[in-house]
Amino acid sequence: MSETNQAFDHSLVFNPSPEVIARARIKDWDAVKAAADADPQKYWAECASELDWYQTWNQVLDDSKKPFFKWFVGGKTNIVQNAVDRHAESARRNKLAYIWQGEDGSERFMSYGELAHDVNKFANVLKGLGVNRGDRVTIYMGRVLELPIAMLACAKIGAIHSVVYGGFSVDALRGRIQDSQSKVVVTCDGAYVSGKHIDLKDIVDAALYTDPPTPVKDVVVYKRTGKEVRMFNEENRRDHWWHEAMNAASSVCETEVMDAEDPLFILYTSGSTGKPKALLHTHGGYSVYTYATFRAVFDVQEDDRYWCAADPGWITGHSYIVYAPLMNGVTSVVYEGGPSYPAPDRWWSIVAKYRVSILYTAPTAIRGLMRFGADWPKKHDLSSLRLLGSVGEPINPEAWRWFYENIGNSRCPIMDTWWQTETGGFMITPTPVVPLKPGSGTRPFFTIKAEIVDDQGNAVPPESEGYLTILQPWPGMARTIYGDDQRYADTYWSRFPGRYFTGDSARMDKDGYYWIIGRVDDVLKVSGYRFGTAELESALVAHPAVAEAAVIGLPHEVRGNAIYGYVLLRTGHKDSPELREALRNHVAKMVGPIAKPEKVEVVDRLPKTRSGKIMRRLLKARAQGLPEGDISTLEE
Ligand code: WTA
């Protein structure tokens, strides 16, 4: 199970330099950790008091209805007050919130004051379309600043945003619109990615063309590329141009006073079974958690230029492109397009041009850029960098070294942050003064109590592999699966009663450092993106030629995992290279181009247990030529 982990050296340590320690806000990590762990509620109340509240909470944590925890009970706030309003009313009004670069080289510079202005206007546009507190709005856009503006506008009026990553295709988008029962969709005419035009508006049109119809009555279209699109104007479906609606809207808008526990957004993510589930995050606890983790881990100061190269459509973008950096009043860089377009030094040119000081990305991106060699970053002045970050999957030692030496010039600590859509923010992560071990997220963040356990839930000794669990609640935790409390309790809190089960396996070493091994629950990480084998298999089975399908992930040099599909054909269909190619394309069409399988194989039978469950573990072992392990439950 963990053969790929052998390359990690648990004794290799990189200590912080005197310069890093001198600049760090938190100098004595152990002392802060000890104090926070001794009284978590006190620690979080202190973090919360750095934010604005319309009304202070009267209880930090309510754990009377486990696993449905409540934080900052009785508190009134709105994340937009902290992310936008308070800066726009202060000396930060003219400070840049975002520096944006399009793939075509165009640029935009947006101050906190301008951001507030646009958020207000778009909030009024949404109100004008009849969006009320608690209504859902689906946002399906490319990487333009109107994406955070749309998210913030929803939050401002108490609507719940549901961002769908622009790389998903028609069926995935439709499913999420239907499940969330969104009233409005916000999209773009198109997006530029790696020299290609993604027809976002056409995809929305196709997703909404369905029976039974979706509740969507209005679609707002931001003109990014100028590609001609069809604008509907019918009795039950209206399309509106963003710029026209904005022109007509007032720039004055009151921020809704929200209860700390009121929903802020839902975000779909893949699990081990069934369709993707919508994790729900709230205004209060999520604000405090993302604000505080970002501040501690990236140690942001007023003059930082921060760039998180993820997509806003995933949790990393929600927490650490939009909400946490804005709450901290930081200037962020957003880049629209592909990392190696038109040349492999695109990213490095952006770091140099905007004097980026913190770069947060994913191992898959590092491995992808590493392939082009170290001459590309050498062409640029990367001396503005002081801190690097990694997220999404374990970072292999080779990629760590390359990032550390060639991008950070062996000066910049790498913050390897382990967390999940469900956790809202960083859970296992260093801060800049923590000694690093390449491939380890080091130790749990302040107040976070993790434990690695065996099948029975007993703690395993150091260096042994087991299931990663979290023992106590934290403010940024998802509150539920939208509309399905039972599934939330079953998925996360029943495998090990009383604990949060992460779905990951891990080891802890003798120094208390955590080493994530990977998912243990049929969730695949492909290029850092999260897919469930179940959703990929149902995409394959939806093809008329396929009777049954199994999907596994196999190691891939750049993407971490690659998707492999095994199918049984229906009678009357024959295996051929064309059919296999058609099946790969079919998955790309149903789910998204990022989910296109590396390979689809036609087989005569799938290995199953006697109770009929597909033994993916066995398929995986066979594909890699590894020992088959325990096959006593295999039906023959
Ligand atoms: C994996 C992404 C090792 C892990 C923020 C987790 C990581 C899943 C790391 C969540 C890391 C994330 N080291 N593995 N630093 N960060 N993972 O919900 O398997 O898209 O369970 O959230 O990514 O993926 P998600």
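In this chain, residues are counted from 1 in sequence order. Numbering of ligands and ligand atoms starts at 1, following listing order.
- In this structure, His318 has its ring center at least 6.0 angstrom away from the ring center of His281.
- Trp314 does not count as a contact of ligand 1, since none of its heavy atoms falls under 4.0 Å from the ligand.
- Note: no N/O pair closer than 3.5 Å links Thr316 and ligand 1 by distance alone.
- Ligand 1 lies out of reach of Gly441, whose nearest heavy atom is not under 4.0 Å from it.
- Where the criterion is an N or O separation shorter than 3.5 Å, residue side chain and backbone included, Ser390 fails it with respect to ligand 1.
- In summary, the side chains of Trp44 and Tyr289 do not present any donor paired with an acceptor at a separation below 3.5 Å, with no hydrogens or angles considered.
- Looking only at atom types and distance, the side chain of Arg401 has no donor-acceptor partner in the side chain of Asn406 under 3.5 Å away.
- Aromatic ring centroids of Tyr488 and Phe68 lie under 6.0 Å apart.
- Near Ile516, meaning under 4.0 Å from one of its heavy atoms, ligand 1 places the atoms 3 (C), 14 (N).
- By the 3.5 Å distance cut-off applied to N or O atoms, Lys525 is counted among the residues near ligand 1.
- For ligand 1, the polar-atom distance check against Asp504 finds a nitrogen or oxygen pair separated by under 3.5 Å.
- Close N/O approach between Thr421 and ligand 1 is found [any backbone or side-chain N/O within under 3.5 Å].
- Considering backbone and side-chain N/O atoms, Gly392 comes within less than 3.5 Å of an N/O atom of ligand 1.
- For the ligand labelled ligand 1, residue Pro394 lies inside the 4.0 Å heavy-atom shell.
- The Thr417 neighbourhood of ligand 1 comprises atoms 9 (C), 11 (C), 15 (N), 16 (N), with distances under 4.0 Å to a heavy atom of that residue.
- Interface atoms of ligand 1 facing Asp416, defined by a heavy-atom separation under 4.0 Å, are 11 (C), 13 (N), 15 (N).
- Within the 4.0 Å heavy-atom criterion, neither part of Ile395 lies near ligand 1.
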